[in-house]
Amino acid sequence: MPRLTGGEIVIDRLVAEGVPYFVGIPGHGALGLMDAALKASDRIDIIQVRHEQSAVHLADGYYRVSGSPLACFTSIGPGALNTAIGLGTCFVESTSTMVISGAPHTYMRGRGVLQEIERKSPADLPSALEPLVKKAYRPSEHDELFEAMEDAFTQMLTGRPGPVFLSLPMDLQSDAGEVPNAETRVRDAFQSSPDDTAVRAAAELLMNANRTVIVAGGGVSLSGAEAALLKLAEQAGAAVVTTLQAKGCFPEDHALYGWLPGSKGTSIGNALTLAADVILAVGCRFTDQTASSYRADTTFNIPESKLIQIDVDEGEIGKNIPVDVGIIGDARQALEALSETLSDLGPRSSVKTDSYIEDIAALRTRWLDETAPLRESDADPTTVPRFYKELRDVLARDAIVVTSSGHAQACVLEFPFYEPRTNITAGGFSTMGFAYPASLGAKLAAPEREVVAVVGDGDFMMTMQEMATAYQYGINTVVVVLNNYGWYSIRDLQKAELGEDRAYATDFVAEGATLPPDFVMAARAFGLHAEGVSKPSDIGPAITRALESGRPSLVEVSVARDYPNSGSTVVGWWDVPIPDYLTDRRAEYEENRAKEVPPPNLRSAQKDS
């Protein structure tokens, strides 16, 4: 067997798994690892980011577009902790990334070496990150490291995807030991087939239904199930609604598309799910925003609607809403099995489907009419929905749009996506600072595609230093900064829920004047093409110039600050607790909260008592 240093073991495994980029910031705790990367610089490229959080977001964006994970590197201590927000995003959103950090020498553990956390346990930094990853590794020997690297890829790419973390002692990085040849051993992934009995029961429900709704979650794209979803929806005559994370997994100009349910949703989506006789949920967790905080008669009407739930994670089935049929398995395999079984049961009536499509079209027209005032507004500065209308008009059908949180994310639900893996958003963790570095990863995964990050000004300032990364490596994305000079999604939430006089600590204003920075000047200082606009008619031409510049680019768009024109059309209900001293609003809040349906396990406990 060859003698390899720990650094070489890591790099050889990354190369064997086809990882093209190693992303991060070097430090004294990773010198041995980085020297091994230098030896292999003809086989794997380094991307130097300007903050470790951005490394994970970049890798996350790459994974969501390509379906293949990247690896990130950091030094010991603060560098590793800086990855926490990125790892938390990956864990909640079920995306796969590997983070490898330096760690104290095995023979120095517990002595408080530079950047060690040791007061409760020697070299204890991984304990802070373990809740954020699918699995964490602390190898001390070469054979342990070899096995950990192999297992890490199995963890990332089988079952429910998720990130992993490996703590790599400094001495292990540089000491040599005998291990098998990493390049000849690759992962053998396996997905179990869905249960035939459950599939048959689900198919029979679909066959006999009149108003089926498929709720597609992020698991559809994670499993590459978009084609299977389209086939089953057309076969069953089912309307398709999506979570925010899943937008794009079903073509949004299709006659069966019903947009989004929930509080971060649409009136058409909620109307369809409320009236459904059968709901098929695929890779959907039924979070509070998808289910309007579980308030009865708002988004879902279960148990009156029969629920079929497909998920690769058994723990998600029936966790938030009781199911009639649960199918444990990969979304693509389960949808294909359902389609085959449904075919065996015979053809469905086309009359049912045609009538349902007419109902969907009427609901869609009503929703578009409801949202038209903000979407068609000629206000200067522009509304965010009007910005998205102008953006859609100039982008290619397969363009990738990346969002993080705030109004930039909330309003993207009105932006139609047509192709798989074109909507990249921090839908579950709503991570500020995600979109721009994630867009760099998306562009690395799909260099031939248009990639646009849409962020608020507060969001952008968390990771705007990555303009230096974009410039250094020629990653030609466009970042659009929707500038409202504040934390305006929170300001608008304060006004909507607490009262129009309750907005506080959300404006970037001093003595009545909005505050710097000037994002256009800042972007130019980083070497980017940059310009600013505010009129709706100027948005499309500015985006086109940025896309055609052949450089990383920024477009600053001044957007409406006057409430409620600053946001989007709101539907559903979201449980935002109201202080007791706001008497009238508190009473209304308590009335709504009383309509929330408890989770299935609590309902069972209440019945038993």
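In this chain, numbering begins with 1 at the start of the sequence shown.
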Fill in the blank from the handout: Closest non-hydrogen atoms of V220 and A331, given as atom of the first, atom of the second and distance, are CA-CB, 4.5 Å
Practice task
Could you tell me whether the side chain of M98 reaches within less than 4.5 Å of the side chain of L70, counting heavy atoms only?
Solution key: no
Handout entry: Minimum heavy-atom distance between L33 and Q173, given as atom pair plus value
Key = N-OE1, 2.9 Å
Practice task
Ignoring hydrogens and angles, tell me if any N or O in the side chain of D311 forms a donor-acceptor pair with the backbone of V282 under 3.5 Å.
Solution key: no
Handout entry: Sidechain-backbone polar pair: N320 side chain, F286 backbone, donor-acceptor under 3.5 Å
Key = yes
Problem - Backbone of C411 reached by a side-chain donor or acceptor of E414 within 3.5 Å - result: no
Exercise for the section: For atom CZ of F526, decide whether the heavy atoms of other residues, nucleotides or ligands shown that lie under 6.0 angstrom number more than 12. Expected result: yes
Practice task
Examine distances only and state if a side-chain atom of E52 and a backbone atom of N82 form a donor-acceptor pair shorter than 3.5 Å.
Solution key: no
Handout entry: Cationic N near anionic O, under 4.0 Å, K39 to D35
Key = no
Problem - R109 and E116 ion-paired at < 4.0 Å - result: no
Handout entry: Distance under 6.0 Å and angle within 45° of ring axis: R13 vs F153
Key = no
Practice task
Answer with yes or no after comparing the ring centroid distance for Y137 and F165 against a 6.0 Å cut-off, counting only values under it.
Solution key: no
Exercise for the section: Taking the side chain as every heavy atom from C-beta outward, state whether D457 and N484 have any pair of such atoms under 4.5 Å apart. Expected result: yes
Practice task
Would you check if I46 and S41 make a side-chain contact, meaning some heavy-atom pair closer than 4.5 Å?
Solution key: no
Handout entry: Backbone of L554 reached by a side-chain donor or acceptor of E531 within 3.5 Å
Key = no
Practice task
Please say which of F429, Y63, F434 ends up in a ring-ring contact (aromatic ring centres under 6.0 Å, His included) with H57.
Solution key: F434
Handout entry: Side-chain touch Y21/L58, heavy atoms, less than 4.5 angstrom
Key = no
Handout entry: D288 side chain reached by T290 side chain, heavy atoms, under 4.5 Å
Key = no
Problem - Any side-chain donor near an acceptor of the partner, S549 and S553, under 3.5 Å - result: yes
Exercise for the section: Give a yes or no on whether a salt bridge exists between E118 and R111, defined as a side-chain N under 4.0 angstrom from a carboxylate O. Expected result: no
Handout entry: Basic-acidic side-chain contact under 4.0 Å: R43, D12
Key = yes
Exercise for the section: Report yes if the side chains of V241 and W259 come closer than 4.5 Å at any heavy-atom pair, otherwise no. Expected result: no
Handout entry: D507/R491 salt bridge by N-O under 4.0 Å criterion
Key = no
Practice task
For the pair S439 (side chain) and V452 (backbone), establish whether a donor and an acceptor sit closer than 3.5 Å, ignoring hydrogens and angles.
Solution key: no
Problem - Lys/Arg N to Asp/Glu carboxylate O, E130 vs R138, below 4.0 Å - result: yes
Practice task
Say whether, by atom type as modelled, one donor and one acceptor occur between the side chain of T106 and the main chain of S140 under 3.5 angstrom.
Solution key: no
Fill in the blank from the handout: Heavy atoms of N476 and P552 approach each other most closely as OD1-CD, 3.0 Å
Problem - Heavy-atom pair of closest approach, residues I400 and V402 - result: CG2-CG2, 4.0 Å
Exercise for the section: Using atom types as modelled and distance alone, determine if a side-chain donor or acceptor of D313 lies under 3.5 Å from a backbone N or O of I328. Expected result: no
Handout entry: Check against ring pair (Phe, Tyr, Trp, His ring centres under 6.0 Å), F415 and Y388
Key = CA-CA 6 Å; F415 182 94; Y388 272 118; 5.7 Å; yes
Practice task
Decide yes or no on salt bridge (Lys or Arg N to Asp or Glu O under 4.0 Å) for E93 and R64, but give the supporting numbers first.
Solution key: CA-CA 10 Å; E93 319 248 333; R64 296 189 199 212; 3.2 Å; yes
Handout entry: Note, D492 side chain near S489 side chain (heavy atom, < 4.5 Å)
Key = no
Handout entry: Chi angles and distances behind the side chain to side chain donor-acceptor pair (under 3.5 Å) call for Q155, R160
Key = CA-CA 8 Å; Q155 292 292 330; R160 183 174 185 169; over 6 Å; no
Practice task
Kindly say whether D398 contributes a backbone atom to a donor-acceptor pair with the side chain of R449 at under 3.5 angstrom?
Solution key: yes
Practice task
Measure the shortest side-chain to side-chain distance between Q409 and S404 over non-hydrogen atoms and say whether it is less than 4.5 angstrom.
Solution key: no
Practice task
Walk me through it: do L168 and V10 pass the test side-chain contact (heavy atoms from CB on, under 4.5 Å)?
Solution key: CA-CA 10 Å; L168 186 58; V10 168; 4.0 Å; yes
Exercise for the section: Check whether the side chains of E466 and S54 place a donor and an acceptor atom closer than 3.5 Å, and report yes or no. Expected result: yes
Practice task
Using atom types as modelled and distance alone, determine if a side-chain donor or acceptor of E450 lies under 3.5 Å from a backbone N or O of A396.
Solution key: yes
Problem - CA sep, side-chain torsions, deciding dist, call: F22, I47, side-chain contact (heavy atoms from CB on, under 4.5 Å) - result: CA-CA 6 Å; F22 201 19; I47 300 285; over 6 Å; no
